[in-house]
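This report concerns only the one structure given below.
Small disclaimer: the values here were computed from a predicted structure and weren't measured.
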Amino acid sequence: MPSLPNGHPPSSQNHQKGGKAQQHQQQQLFARKRLISQQRKSLPIASVERRIVDEVTKNDILIVVGETGSGKTTQLPQFLFNAGFCKNGKAIGVTQPRRVAAVTVAKRVAEECNVELGQKVGYAIRFDDVTSSSTRIKYMTDGLLLREALLDPLLSRYGVIIVDEAHERTVHTDVLLGLLKKVQLTRSHSIATEPVNNTKTDVDMSNAEVNSQRSNTLKACQNAKLLPLKLIIMSASLDAKGFSEYFGGAKAVYVQGRQYPVDILYTYQPEPDYLDATLITIFQIHLEEGPGDILAFLTGQEEIESIEKLIHGRLDKLPEDRRKIITVPIYSALPSEQQMNAFKPAPSGFRKVILATNIAETSVTIPGIKFVIDPGLVKARSYNPVTGTESLIIIPTSKAQAQQRSGRAGREGPGKCFRLYPESEFGNLSDSTIPEIKRCNLSNVVLQLKALGIDDIIGFDFMEKPSRMTIVKSLEQLLLLGALTDDYKLSDPIGHQMARLPLDPIYSKALILANEFKCLEEMLIVVSMLSVESIFYFPREKIEEARAARKSFSSPDGDHVTLVNVYRASAECLGKSRMVTTKDKTIERNLNKWCIENFINARSLKHARDIYSQIQGHVQQMGMSVTSCGDDMLQFRRCLTAAFFLNAALKQPDGMYRAIASGQTVQIHPSSVLFRSKPECIIFNELVRTNHNYIRNLTRIDPLWLPELAPQYYASPN
DNA sequence: GAGCACTGC
């Protein structure tokens with residue numbers, strides 16, 4: 001990622017000095033432009049501009065391999081723009097796996113091009129679109145481009161699409177690669193004589209579908225005269241072979257990176273206790289190495305908290321003058337203000353030890369790191385298609401991941417990386433991480449592909465195919481939710497509506513049902529709150545206060561109504577602020593204060609509010625009206641039952657629960673408001689596997705509602 | 001009486 005050098009903002013005094021000040025400003029602007037131009041020319045990619053433009057002209061697909069610091073993300077789109085690839089009025093789309101990257105890179109490129117952000121250069125991410133009709137270089141998240149494809153299946157506004165960071169192999173990237181391959185093929189053929197979607201005949205389609213396909217075909221005809229879609233896959237991993245093979249032997253161009261050397265050190269023996277080994281290494285570096293901060297990679301919050309305690313325990317035993325260490329934890333669930341502590345420089349003479357999860361691998365870049373400690377483990381999602389459940393397991397990193405971690409020590413100068421395993425073990429690691437698409441539930445992916453007109457999911461050309469069983473499981477789930485017809489086609493209107501909503505399919509279905517049950521407002525709150533990371537924040541040191549705060553929102557009906565209470569209380573707080581001020585900053589500050597007082601994670605709540613308004617827009621467009629059931633929680637609980645009937649559980653004589661659909665024995669998670677009351681019958685949203693099978697986010701229901709509200713699944717009791 | 005890495009629409 002490019003870092004911006006410090007520019008000097010014009011001081012207000014300059015305005016009074018008239019012409020002289022203006023001249024001074026112009027000089028500064030000129031100096032800044034010259035600096036940017038110099039920086040651009042010194043990037044490793046600058047020397048291969050001609051070659052890249054030639055290759056893109058000659059080939060429809062190009063793989064670009066460029067290590068950190070090559071400048072590929074900022075420069076390549078500009079090369080293509082300058083070479084005339086947008087002359088036809090088409091845009092260059094550049095996808096990123098993460099939102100921050102899309103925004104920061106777009107800002108930098110707009111500055112390099114000396115244009116206002118949102119004009120020639122812009123970005124689009126969920127909740128934030130800074131583009132206009134004149135935007136020709138558009139940075140966006142890969143997920144957003146997938147959403148765009150639902151409205152414009154041929155991605156007709158783009159002449160070039162660049163998929164950046166493809167080596168990360170997120171679900172979105174993998175689906176996008178398959179889709180782009182298909183789109184490119186369609187666009188390069190003589191489309192005018194060929195239907196866009198040749199897997200269906202008119203007989204199979206509803207009228208709406210026929211119409212939408214006709215208009216797609218029409219668009220395709222207009223495109224027939226245009227250049228085919230140019231595709232560039234950019235990756236930081238040295239192995240371009242996989243991408244090249246997937247795209248029919250596509251040509252690959254290598255661009256050098258710019259990194260300082262990092263010494264890699266291994267242990268002689270395997271470490272039986274990696275936490276202890278991490279601790280020892282931290283002190284070894286502290287006592288024997290020169291200045292520089294340490295970044296240690298751990299697997300999760302709990303590990304970070306316990307090692308932090310251990311460090312301070314051991315520090316107390318050192319002589320006074322050697323105790324100069326400060327520790328800073330950073331992980332995604334940590335509130336933002338505390339995350340920021342990791343970026344503050346340590347007090348003079350102190351060494352900063354950053355205890356981080358994977359968040360520090362790619363998502364955040366902390367300056368000043370000279371030493372990296374890598375125990376070689378990571379907590380990763382895994383999916384069991386037999387039970388249909390996801391869980392997190394601790395596994396060894398891949399080689400690529402280990403290299404990414406060590407690279408964090410060489411961003412500002414030469415560094416050292418301590419791998420807490422023997423060198424021989426490195427050789428046994430898999431080359432790259434298993435792509436996420438093979439490790440997760442695919443219901444959403446399948447629904448999206450169906451909506452894109454791809455009916456044969458098992459036959460879809462994935463770069464790496466998920467298991468047949470996982471696909472079948474997803475098809476079954478979508479069938480049960482009513483998103484598919486008996487012959488596995490997208491149902492009309494339910495399937496189409498569900499595909500349009502950017503939510504977990506089961507939540508989309510819940511909204512459609514809530515419209516019928518006249519409690520759409522409550523359900524909209526619930527799905528928004530369930531779609532974000534934990535709303536409640538429980539700091540260890542104030543656990544009792546946090547509990548008391550949550551109790552004030554608790555409902556005896558369960559966690560769903562409790563979430564509604566929290567959302568409404570926050571809305572009330574916002575309403576009160578708006579009565580006394582119109583200043584957005586003040587309103588936000590008041591809400592943050594309210595969040596702190598009530599032990600609510602402000603970032604999560606903000607996210608939930610954003611989702612609420614986005615989904616509200618969607619459901620209103622579908623013709624639904626957001627009505628509330630008022631105090632009739634019975635109606636709302638019945639609606640929750642109709643939506644989440646697949647996740648019902650009955651209390652057993654021993655106090656445990658049995659999940660009716662899967663037959664698994666589960667227990668209520670202690671964080672649930674129903675943990676003590678243990679109702680006879682409940683519906684739940686999540687099954688998490690830790691020491692036990694825990695169910696979370698519950699509502700108590702009447703067991704008789706199940707056969708009544710989900711007769712397709714529960715045989716009538718008589 | 002417990003802890004779930006990271007992204008994304």
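Taking the side chain to side chain donor-acceptor pair (under 3.5 Å) definition, one finds that Glu305(A) meets it with Gln301(A), Arg540(A), sequence neighbours left out. With sequence neighbours left out, Asp174(A) forms a salt bridge (charged side-chain N to carboxylate O under 4.0 Å, His left out) with Arg169(A). For Asn647(A), the side chain to side chain donor-acceptor pair (under 3.5 Å) criterion is met by no residue, not counting sequence neighbours. Among residues two or more places apart in sequence or in another chain, the ring pair (Phe, Tyr, Trp, His ring centres under 6.0 Å) test is passed with Phe426(A) by none. Every residue meeting the salt bridge (charged side-chain N to carboxylate O under 4.0 Å, His left out) condition with Lys399(A), not counting sequence neighbours, appears here in chain and number order: Asp431(A).
Among the heavy atoms of the strands, none lies under 4.0 Å from Arg439(A). Within 4.0 Å of Gln667(A), counting heavy atoms only, lies no atom of the nucleic acid at all. Among the heavy atoms of the strands, none lies under 4.0 Å from Leu501(A). Residue Thr170(A) is classed as having no contact, given no heavy-atom separation below 4.0 Å to the nucleic acid. Nucleic acid contact class of Arg381(A) (heavy atoms, under 4.0 Å, all strands): base. Within 4.0 Å of Arg98(A), counting heavy atoms only, lie sugar-phosphate atoms of the nucleic acid but no base atom. Residue Arg169(A) is classed as having no contact, given no heavy-atom separation below 4.0 Å to the nucleic acid. Within the nucleic acid shown, Gln301(A) comes within 4.0 Å of sugar-phosphate atoms alone, with no base atom in reach, counting heavy atoms only. In this structure, Leu392(A) reaches the bases: a heavy-atom distance under 4.0 Å links it to at least one base atom across the strands shown.
Both Phe127(A) and Arg547(A) sit near DNA chain B, but only Arg547(A) has its closest nucleotide nearer the 5' end. Each of Asn444(A) and Gly300(A) lies near DNA chain B, and the nucleotide nearest Gly300(A) is the one positioned closer to the 5' end.
For DNA chain B, the span of nucleotides reached by chain A at under 4.0 Å from its heavy atoms goes, 5' to 3', from dG1(B) to dC9(B).
Annotation: salt bridge (Lys or Arg N to Asp or Glu O under 4.0 Å) contacts involving residues 599-623 of chain A, sequence neighbours excluded, comprise Lys606(A)-Asp610(A). Residue pairs meeting the salt bridge (Lys or Arg N to Asp or Glu O under 4.0 Å) criterion with at least one partner in residues 94-105 of chain A, sequence neighbours excluded, are Arg98(A)-Glu168(A).
With ring centers used as reference points, Tyr421(A) lies 6.0 Å or more from Tyr274(A).
Using a 3.5 Å distance cut-off with no hydrogens or angles, the side chains of Tyr158(A) and Lys138(A) do pair a donor with an acceptor.
Taken residue by residue, residues 609-617 of chain A places no heavy atom nearer than 4.0 Å to DNA chain B.
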